Asker: 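Below you will find the structure I want to go over with you.
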Protein chains: 4
Amino acid sequence: MAHYGAKVVVPIDLKKKPWEQKHPLHNRWHPDIPVVAEVKDGEVFRVEMVDFSGGGITSDYSAEDVKHADQSIVSEVFRVEMVDWTGSVIKDDDSAADVKFIDLSTVHYLSGPIRVVDKNETPAMPGDLLAVEICNLGPLPGDEWGYTATFDRENGGGFLTDHFPCATKAIWYFEGIYAYSPHIPGVRFPGLTHPGIIGTAPSMELLNIWNEREREVEENGHKSLKLCEVLHSRPLANLPSTKGCHLGKIKKGTAEWEKIAKEAARTIPGRENGGNCDIKNLSRGSKIYLPVFVEGANLSTGDMHFSQGDGEVSFCGAIEMSGFLELKCEIIRGGMKEYLTPMGPTPLHVNPIFEIGPVEPRFSEWLVFEGISVDESGRQHFLDASVAYKRAVLNAIDYLSKFGYSKEQVYLLLSCCPCEGRISGIVDAPNAVATLAIPTAIFDQDIRPKAGKVPIGPRLVRKPDVLRCSYDGNLPTTKNPAASM
Amino acid sequence: MAHYGAKVVVPIDLKKKPWEQKHPLHNRWHPDIPVVAEVKDGEVFRVEMVDFSGGGITSDYSAEDVKHADQSIVSEVFRVEMVDWTGSVIKDDDSAADVKFIDLSTVHYLSGPIRVVDKNETPAMPGDLLAVEICNLGPLPGDEWGYTATFDRENGGGFLTDHFPCATKAIWYFEGIYAYSPHIPGVRFPGLTHPGIIGTAPSMELLNIWNEREREVEENGHKSLKLCEVLHSRPLANLPSTKGCHLGKIKKGTAEWEKIAKEAARTIPGRENGGNCDIKNLSRGSKIYLPVFVEGANLSTGDMHFSQGDGEVSFCGAIEMSGFLELKCEIIRGGMKEYLTPMGPTPLHVNPIFEIGPVEPRFSEWLVFEGISVDESGRQHFLDASVAYKRAVLNAIDYLSKFGYSKEQVYLLLSCCPCEGRISGIVDAPNAVATLAIPTAIFDQDIRPKAGKVPIGPRLVRKPDVLRCSYDGNLPTTKNPAASM
Amino acid sequence: MAHYGAKVVVPIDLKKKPWEQKHPLHNRWHPDIPVVAEVKDGEVFRVEMVDFSGGGITSDYSAEDVKHADQSIVSEVFRVEMVDWTGSVIKDDDSAADVKFIDLSTVHYLSGPIRVVDKNETPAMPGDLLAVEICNLGPLPGDEWGYTATFDRENGGGFLTDHFPCATKAIWYFEGIYAYSPHIPGVRFPGLTHPGIIGTAPSMELLNIWNEREREVEENGHKSLKLCEVLHSRPLANLPSTKGCHLGKIKKGTAEWEKIAKEAARTIPGRENGGNCDIKNLSRGSKIYLPVFVEGANLSTGDMHFSQGDGEVSFCGAIEMSGFLELKCEIIRGGMKEYLTPMGPTPLHVNPIFEIGPVEPRFSEWLVFEGISVDESGRQHFLDASVAYKRAVLNAIDYLSKFGYSKEQVYLLLSCCPCEGRISGIVDAPNAVATLAIPTAIFDQDIRPKAGKVPIGPRLVRKPDVLRCSYDGNLPTTKNPAASM
Amino acid sequence: MAHYGAKVVVPIDLKKKPWEQKHPLHNRWHPDIPVVAEVKDGEVFRVEMVDFSGGGITSDYSAEDVKHADQSIVSEVFRVEMVDWTGSVIKDDDSAADVKFIDLSTVHYLSGPIRVVDKNETPAMPGDLLAVEICNLGPLPGDEWGYTATFDRENGGGFLTDHFPCATKAIWYFEGIYAYSPHIPGVRFPGLTHPGIIGTAPSMELLNIWNEREREVEENGHKSLKLCEVLHSRPLANLPSTKGCHLGKIKKGTAEWEKIAKEAARTIPGRENGGNCDIKNLSRGSKIYLPVFVEGANLSTGDMHFSQGDGEVSFCGAIEMSGFLELKCEIIRGGMKEYLTPMGPTPLHVNPIFEIGPVEPRFSEWLVFEGISVDESGRQHFLDASVAYKRAVLNAIDYLSKFGYSKEQVYLLLSCCPCEGRISGIVDAPNAVATLAIPTAIFDQDIRPKAGKVPIGPRLVRKPDVLRCSYDGNLPTTKNPAASM
């Protein structure tokens with residue numbers, strides 16, 4: 001019988017931890033992380049992956065940590081730990097403590113690296129472009145659920161962490177293409193599923209560039225960047241660290257591991273190799289043209305999202321899940337020079353190119369919120385699209401909270417539903433204008449403004465709210481200064 | 001015979017200057033600019049408008065100025081001045097000198113203000129929300145052309161002015177829904193026509209807030225904002241000035257005129273009252289929910305765009321044209337409190353809400369360029385979406401320039417074609433990720449990457465390029481550091 | 001000053017009758033109808049047109065006729081006739097008598113013929129293909145209204161005339177892209193405006209083919225076609241007749257007129273030359289590839305529709321209006337042989353090809369009604385898509401009538417709103433399956449089935465119904481046999 | 001560990017024959033076919049299914065039959081039979097003999113019936129409406145391929161069987177959402193996957209109505225229906241027959257089996273219970289509102305299509321495959337009376353209603369072919385949409401055959417690609433107008449008409465053609481009378 005379907009090159013066993021998988025996962029970028037599989041140009045292959053948080057629950061939070069958490073949460077936590085190991089640090093349970101105490105040094109767990117060769121067995125070479133088509137993707141069978149969360153302000157934060165400092169969590173269940181959440185009732189939407197991370201391995205030269213420039217911002221950023229006051233996040237960058245490091249087949253504690261772990265880049269930001277670009281439209285039928293920096297390309301991927309809003313504002317913000325990808329690669333020889341132009345001091349300062357697929361959910365009506373680069377204190381910023389987008393998101397949260405949702409529910413929702421974040425105006429000094437467009441069809445009530453009082457939909461059954469921990473830190477919380485709520 | 005169609009409340013005679021119109025235009029925001037017309041809730045009415053630059057050609061540039069311009073341009077200029085007065089400062093001619101020497105103190109010319117009352121003749125009141133539906137719009141009959149331009153770096157600049165310091169201009173002609181340009185051959189696209197500016201009059205209280213916060217950034221911005229180095233524009237803000245000021249029916253030089261002209265806000269940035277929000281999707285069937293700050297709402301609109309890309313990156317960047325709007329207003333009593341939440345120190349710190357219409361051009365395939373918040377010198381910025389978008393646009397320009405276009409052609413094109421600018425990731429420190437998605441169907445060649453050499457379309461006939469002046473300033477030009485071109 | 005916009009080649013003065021226009025209109029197809037204008041390949045030109053019924057009111061119905069109409073209607077009629085001549089037979093008034101007594105021998109009034117030549121003045125020649133792009137279109141300024149109607153069963157009929165034998169009429173008003181009707185409250189939709197008729201002149205050879213085959217069906221159709229029992233229309237075809245004939249510049253009563261009038265084909269059916277194809281998607285940006293049968297192509301167009309549903313089921317069924325087209329022609333030399341294949345005994349048995357434009361209204365949700373080829377009496381028909389579609393339309397009418405509409409209101413609505421009629425299955429003997437898909441967003445209530453009683457939308461204000469005349473004929477009316485309503 | 005995903009209620013083992021499955025399949029409609037599973041209102045469940053042809057290969061064609069087939073085919077057949085049993089009658093091999101000799105008495109194999117109960121265990125009752133949501137669907141893992149075929153004119157036929165009398169077959173392989181065929185090179189398209197058949201069990205009363213009306217057409221159809229001459233199919237209907245009958249759990253040969261087999265309706269046509277409606281848009285997120293005729297509703301489904309064109313013109317015409325559905329049911333109590341209106345002599349003469357989902361492939365450009373109700377001999381038919389659609393399909397086939405395809409390739413392609421068949425005009429006597437719209441993006445060449453010769457795409461590699469058998473029957477083949485090819 002002929003073989004149909006995609007060849008599985010990286011299988012995942014959800015009963016096992018990331019480092020126990022047949023092809024142990026890695027959570028760093030480095031040229032020397034060993035290849036786990038090889039694929040040919042034109043071949044359709046399947047890569048499975050855990051969710052971004054991927055494992056290591058026992059080290060997540062100690063009993064000591066938990067003492068500081070709400071007592072109401074504690075019993076939940078232990079119940080879960082004992083009976084519900086699912087291979088994910090973040091669990092489908094009744095507490096956000098897992099989010100609050102998550103060890104972020106371990107994220108994101110990636111599947112790969114995968115070596116790509118052409119039909120003559122010649123590998124992709126530095127300077128080539130690797131066209132990766134996403135033929136199909138989805139949740140792993142039997143694991144059709146996900147979560148959206150905000151980290152605690154002292155442990156990760158998020159785009160609006162100065163307004164919402166607490167760790168929160170909402171669970172989503174999937175009914176085929178649709179997701180719904182017991183924590184955010186009254187909404188249901190089709191997923192535009194995509195991998196949050198897909199990228200090639202950096203060369204040592206590129207890795208050094210990354211480490212140097214990110215060290216600079218971490219060390220000097222606070223002095224020079226006014227933005228920090230309104231766009232809180234700590235640390236400013238995540239430099240290489242051996243803590244929480246996993247390097248696939250390389251055994252922890254060996255000299256090789258020590259060397260690489262000290263050099264290897266964290267996976268948090270998107271960079272020249274693609275990586276955590278979080279482009280929400282990279283779904284079925286999309287193509288990604290990745291620059292190749294090492295022989296074989298060494299493609300890795302992970303951080304699957306059932307759905308995400310532009311910006312992924314709550315940080316742990318898509319509907320995070322385990323999943324699978326069916327991919328097909330084509331090597332465009334010499335494509336980096338042919339198609340990409342360096343945008344920086346070296347020929348490595350390039351970015352991938354993307355092609356959007358033809359099967360996105362079709363929405364006909366959108367409600368759009370606007371922000372300008374004036375912050376919540378009323379201060380004017382100069383053409384700052386980040387500040388403008390922050391205000392647009394805050395406007396949307398406050399607006400939707402009038403329809404029966406808590407603000408935490410809306411914050412999580414806007415992070416994971418298929419909303420669009422646009423840079424509408426970037427030249428009309430001093431105001432950048434950013435907009436956030438929300439498809440109205442995802443709600444079971446009509447959310448458009450109308451003459452008279454806000455009509456809260458009869459179909460919305462109020463629920464207690466998202467799962468939420470307390471915030472125990474020292475930083476003051478920003479309120480909407482003029483809001484009475 | 002019954003009356004059909006929209007009642008014309010602000011007619012435009014293209015043979016006349018803005019201040020000679022039946023209802024003289026204004027180019028400032030102020031509560032005391034006199035109302036020129038009144039409309040009723042539910043009534044469809046028509047407002048006509050000049051293009052944003054609107055008039056005043058004789059003062060645009062002196063013979064002295066022109067001497068400093070390229071000699072090849074001079075003769076063109078004079079020919080035009082004598083025979084081709086069209087009511088627009090920027091002309092359908094063979095020179096960009098009009099753009100280079102434009103007097104920006106006069107933009108944008110707005111039609112209105114229009115007072116809105118309900119069916120009982122009670123005007124819209126502060127605290128109401130004014131829902132404005134765009135029933136129809138388009139170019140003024142007989143004036144079916146427009147232009148896209150970049151200002152000179154010393155006179156206006158633009159998003160990429162440190163790369164492209166020269167004034168340039170491309171003319172567009174309209175064939176019904178389509179636009180094409182003799183200066184950017186090989187592209188043709190349907191317009192998503194919209195008014196760049198629509199807004200209500202500010203109250204004095206709101207006006208004072210604007211003037212204060214913008215003065216602060218103008219005076220202190222250079223000290224605190226690192227962004228200035230990579231996002232050049234001078235001045236940082238445009239404060240009230242009597243130069244170039246037009247206030248509708250108020251006679252220039254009177255005491256009233258002097259007082260208002262000194263207080264009235266410039267129209268450049270979008271603000272709490274809507275204004276120059278440049279949201280490219282505000283086309284037929286859209287709705288805008290504007291806060292009302294003064295009795296009657298005092299709606300003004302102008303700066304019609306045949307088409308614009310998100311961000312309007314070249315600044316004079318949409319396809320600028322004269323045009324008409326057919327509007328219908330509804331007053332939502334008390335709607336500001338009901339639907340908007342202040343996002344700043346006062347109840348006036350709000351933003352409009354928008355609803356997108358159902359008749360946008362339908363594109364199925366998009367090529368997407370990405371930028372991260374690392375600038376052209378290789379320096380890391382912290383979650384800066386403006387820097388990331390700048391890099392995305394630069395990436396797109398360099399890419400498309402490989403297909404037979406000059407970089408200036410692409411810069412203008414991306415400013416006015418229906419491309420989408422997205423904030424894809426805003427939480428993965430230190431990199432913001434912004435994307436620019438371009439519909440592939442607007443080109444007459446296949447612009448997607450392919451194995452082998454860049455195949456330049458046989459249908460593209462190279463033209464000399466956009467109209468371009470020299471740059472005579474002192475500021476150094478940024479080059480793509482690693483680009484050989 | 002340069003010329004912008006389209007050159008007007010056929011202007012319409014709405015105050016004048018069709019035969020009094022600058023370029024008198026014609027309502028027949030014949031090679032010898034004289035050309036009224038000439039256009040060049042590549043040139044954008046404007047053609048204006050009256051609505052399909054276009055003129056001849058005085059002969060429409062005599063005082064004698066009116067005696068037989070409802071007395072309540074009579075006074076309306078005379079009031080209208082005296083004060084409200086608008087150039088249209090069908091009037092914006094309170095009666096359907098104009099529809100009931102319409103003289104169908106005069107429809108449709110067409111603008112043209114227009115001769116097309118290439119840049120060297122060589123005309124389009126038989127065997128060429130004429131590519132006609134619709135750059136823009138719309139209602140005539142100042143005449144922004146239309147109507148949808150059903151003819152009386154004895155005078156025109158329609159798809160469901162055995163169910164709905166009376167003449168009815170609904171008036172539609174336009175607010176920019178939107179249409180609404182005082183007679184069908186609770187719906188509003190954007191128009192997908194298009195010309196119902198566009199075609200080239202037939203050659204004498206083709207004309208003879210038409211006349212012969214249509215005479216055959218008229219004479220023998222009743223004997224052989226079982227369909228007639230369920231798809232009533234009289235006559236079966238409309239053969240050439242001098243009654244009501246208008247031939248443009250040719251003077252009525254001359255020998256030339258007599259000869260042509262006896263030969264010229266009626267405009268009712270679509271044929272090889274295009275003609276009344278009623279393809280509702282032929283809107284802005286579409287292209288029509290018409291075969292050329294006579295030198296110059298002799299393009300004519302008319303019967304503008306603001307909107308139409310697939311099938312135009314009520315016959316006078318689109319939103320009929322006056323309007324304008326902006327067109328651009330390209331001659332594809334030898335294109336008939338190159339691109340078209342005759343599908344009949346002669347090389348003239350071809351059909352046009354169409355290309356759909358990119359700016360159709362975007363709907364995301366559709367409710368779909370199905371019909372199979374079993375008629376209302378329960379009788380099985382063999383793979384008959386017409387019967388199946390009839391049942392689908394009847395199903396939709398009965399369904400929507402549960403939401404507060406009369407069946408006549410829905411019949412008119414489905415004829416003119418942007419609903420899609422599909423041939424879903426045509427092979428599964430004995431049942432053809434046809435479907436009718438209705439965009440749910442055009443209603444102001446949720447029309448989807450739900451658990452519990454039909455929830456009639458609070459926003460629907462019941463109105464007395466469409467304008468309706470009595471039916472005075474002898475043919476029995478078909479009822480839904482099992483329906484109690 | 002919690003349960004996620006859909007509960008599998010009907011599993012399929014592709015190694016087994018339809019009657020050997022855990023829940024043996026059935027291929028007839030009858031109220032007494034025993035239920036194989038029960039599901040609850042609101043529960044997501046998974047139904048797997050074989051392809052429509054489902055099994056029984058050894059009885060398909062005897063050695064005797066094969067002698068009459070082309071000798072070149074014979075060896076293929078035997079090779080296949082021995083090594084490639086896949087549970088499907090139609091095989092992924094190099095011959096169309098399996099199609100030519102298929103035993104159509106056995107199609108379609110359905111999974112079910114499934115009994116639906118509410119949360120209180122009360123079953124769906126006659127008079128209820130069963131809302132079935134398609135949450136997800138796809139090919140069975142490991143079986144990602146399908147086929148499109150035409151039956152031999154003497155054994156099944158098809159819409160154009162008088163033009164294409166031979167059995168043909170094309171194999172399709174799936175790359176995630178995309179399908180491509182080695183037999184129809186140069187096309188690739190995303191699937192709009194759907195079940196061809198989904199329906200509830202008929203009551204005995206409804207079954208009797210079916211059998212009676214279909215017997216009538218089979219017996220008398222030839223006398224009365226002129227259509228037969230141009231729309232050939234034999235027999236006119238498929239009446240109940242014990243040959244090839246499978247009734248799930250009921251053992252063949254028992255008295256019960258004999259009784260039911262003689263009464264049970266064939267699955268070929270769509271009817272009042274849904275069934276083989278072949279609506280190509282019933283994909284992910286769609287809803288089907290089925291009338292309930294027996295207690296428990298007894299839902300059955302099968303005949304999965306990876307993709308289909310409107311009309312499924314080649315009969316075996318979608319991309320036929322095995323697959324799975326994830327469904328969710330809601331019982332609308334009393335919904336038949338509330339929402340459906342009988343359209344025939346009894347309250348059972350109703351049709352299902354459908355709702356289209358939000359994730360269809362997005363195409364922006366369509367080429368549209370038109371047909372009118374004049375047949376290939378030039379004879380005029382009266383408002384016959386079937387004849388008009390036939391001519392539209394023939395026009396499309398001839399057109400596309402100019403771009404390097406054989407006509408058989410295009411016939412199969414139009415049967416399975418996402419093309420739209422519309423009833424554009426059904427009132428303009430005597431011509432019905434039908435259109436066939438083809439998305440241009442599925443081709444790797446530009447198929448639009450252009451000035452000059454037909455430019456055959458450089459990327460199209462001509463292949464020998466689809467697999468094809470000879471036609472050995474007696475009926476003459478229709479040619480395009482004027483076509484030279």
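None of the values given here were measured: they were computed from a predicted structure. Worth knowing before you read on, the calculation uses all heavy atoms, side chains too, and leaves out hydrogens, waters and symmetry mates.
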Asker: Side chain of Thr435(A), backbone of Ile279(B): donor and acceptor closer than 3.5 Å?
Answerer: no
Asker: With chain B as the partner, which of Ile331(A), Thr267(A), Leu394(A) has the greatest number of non-hydrogen pairs under 4.5 Å?
Answerer: Leu394(A)
Asker: Mind ranking Ala396(A), Gly357(A), Gly270(A), Pro449(A) by heavy-atom pairs under 4.5 Å with chain B and telling me who comes out on top?
Answerer: Pro449(A)
Asker: Quick one: does Asn351(B)'s side chain get under 4.5 Å of Phe369(A)'s, heavy atoms only?
Answerer: no
Asker: Without swapping roles, check the side chain of Ser364(B) against the backbone of Pro358(A) for a donor-acceptor pair under 3.5 Å.
Answerer: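 Absent.
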Asker: Say whether, by atom type as modelled, one donor and one acceptor occur between the side chain of Tyr339(B) and the main chain of Lys450(A) under 3.5 angstrom.
Answerer: yes
Asker: Are Ser424(B) and Asp278(A) close enough that some pair of their side-chain heavy atoms sits under 4.5 Å apart?
Answerer: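 No; the side chains remain at least 4.5 Å from each other.
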Asker: Specify which of Ala131(A), Gly335(A), Pro352(A) makes the most heavy-atom pairs with chain B at under 4.5 Å.
Answerer: Pro352(A)
Asker: Less than 4.5 Å apart, side chain to side chain, heavy atoms only: is that true for Pro430(B) and Val217(A)?
Answerer: yes
Asker: Could you look at Ile209(A) and say if it's the side chain, the backbone, both or neither that has a heavy atom under 4.5 Å from chain B?
Answerer: neither
Asker: Do you know which of Glu214(B), Lys287(B), Glu365(B), Arg266(B) has the most heavy-atom pairs under 4.5 Å to chain A?
Answerer: Glu214(B)
Asker: Can you confirm whether Arg422(B) sits close enough to Arg422(A) that some side-chain heavy atom of one is under 4.5 Å from a side-chain heavy atom of the other?
Answerer: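 In short, these two side chains touch, coming nearer than 4.5 Å.
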Asker: Counting only non-hydrogen atoms closer than 4.5 Å, does Asn281(B) touch chain A with its backbone (N, CA, C, O), its side chain (CB onward), both, or neither?
Answerer: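 The side chain, not the backbone.
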Asker: Please look at Ile397(B) and chain A and tell me whether the side chain, the backbone, both or neither of the residue comes under 4.5 angstrom of a heavy atom of that chain.
Answerer: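 Nothing of Ile397(B), per the 4.5 Å heavy-atom cut-off to chain A.
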Asker: If you tally heavy-atom pairs under 4.5 Å against chain A, which of Gly196(B), Ala434(B), Cys277(B), Ala437(B) wins?
Answerer: Cys277(B)
Asker: What I'd like to find out is whether the side chain of Gln380(A) reaches to under 4.5 Å of the side chain of Arg215(B), using heavy atoms alone.
Answerer: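 No, too far: nothing below the 4.5 Å cut-off.
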Asker: Does Arg391(B) come within less than 4.0 Å of Glu272(A), counting only side-chain N to carboxylate O?
Answerer: yes
Asker: How long is the straight-line distance from CD of Glu370(B) back to CD1 of Ile288(A), given to the nearest 0.5 Å?
Answerer: 10.5 Å
Asker: For chain B, which of Tyr389(A), Tyr289(A), Trp366(A) has the most heavy-atom pairs under 4.5 Å?
Answerer: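 Top count of heavy-atom pairs under 4.5 Å with chain B: Tyr289(A).
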Asker: Can you measure from NE2 (His349(A)) to CG (Asn395(B)) and round to the nearest 0.5 angstrom?
Answerer: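 So the NE2 of His349(A) and the CG of Asn395(B) are separated by 12.0 Å.
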Asker: Side chain, backbone, both or neither: which part of Glu216(B) has an atom under 4.5 Å from a heavy atom of chain A?
Answerer: neither
Asker: Could you tell me which portion of Glu330(B) (side chain, backbone, both or neither) has an atom closer than 4.5 angstrom to a non-hydrogen atom of chain A?
Answerer: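 Contact with chain A involves the side chain of Glu330(B) alone.
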Asker: Side-chain contact, heavy-atom cut-off 4.5 Å: Pro269(B) with Ile372(A)?
Answerer: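 Side chain of Pro269(B) against side chain of Ile372(A), heavy atoms only: no contact under 4.5 Å found.
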Asker: Do Asp398(B) and Met343(A) have side chains that get closer than 4.5 Å, going by heavy atoms?
Answerer: yes
Asker: If every non-hydrogen atom of Ser377(A) is compared with every non-hydrogen atom of Pro345(B), which pair is closest and at what distance?
Answerer: O-CG, 3.3 Å
Asker: To the closest 0.5 Å, what do you measure between CD1 (Ile426(B)) and CG (Leu160(A))?
Answerer: 10.5 Å
Asker: Using non-hydrogen atoms and a 4.5 Å limit, figure out which bit of Gln308(A) sits close to chain B: side chain, backbone, both or neither.
Answerer: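 Contact with chain B: side chain only.
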Asker: To the nearest 0.5 Å, tell me how far Asp428(A) CG sits from Ile268(B) CD1.
Answerer: 7.0 Å
Asker: Using 0.5 Å steps for rounding, measure from the NE2 atom of His381(A) to the CG atom of Leu236(B).
Answerer: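 Reported to 0.5 Å precision, the distance equals 13.5 Å.
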Asker: Of all heavy-atom pairs between Lys402(B) and Glu338(A), which one has the smallest distance, and what is that distance?
Answerer: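 Looking at all heavy atoms of both residues, the closest pair is CD-O, 3.0 Å.
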Asker: Are Arg448(A) and Glu355(B) side-chain neighbours, meaning at least one heavy-atom pair lies under 4.5 Å?
Answerer: yes
Asker: Report the distance from atom CD1 of Ile423(B) to atom CD of Glu420(A), rounding to the nearest 0.5 Å.
Answerer: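 One finds 12.0 Å between CD1 of Ile423(B) and CD of Glu420(A).
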Asker: Would you say the side chains of Arg271(A) and Asn431(B) form a donor-acceptor pair under 3.5 Å?
Answerer: no
Asker: Might you work through the side-chain contact (heavy atoms from CB on, under 4.5 Å) test for Phe354(B) and Leu367(A), ending with a clear yes or no?
Answerer: CA-CA 6 Å; Phe354(B) 306 89; Leu367(A) 198 62; over 6 Å; no
Asker: Check each atom of Val368(B) against the heavy atoms of chain A and say whether the ones under 4.5 Å are side chain, backbone, both or neither.
Answerer: both
Asker: Donor-acceptor pair, Ser386(B) side chain versus Leu383(A) backbone, under 3.5 Å?
Answerer: yes
Asker: Between Val374(B) and chain A, with a heavy-atom cut-off of 4.5 Å, which part of the residue counts as in contact: side chain, backbone, both or neither?
Answerer: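 Val374(B) touches chain A through side-chain heavy atoms alone.
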Asker: Which atom pair, heavy atoms only, marks the closest approach of Glu312(B) to Val427(A)?
Answerer: O-CG2, 3.4 Å
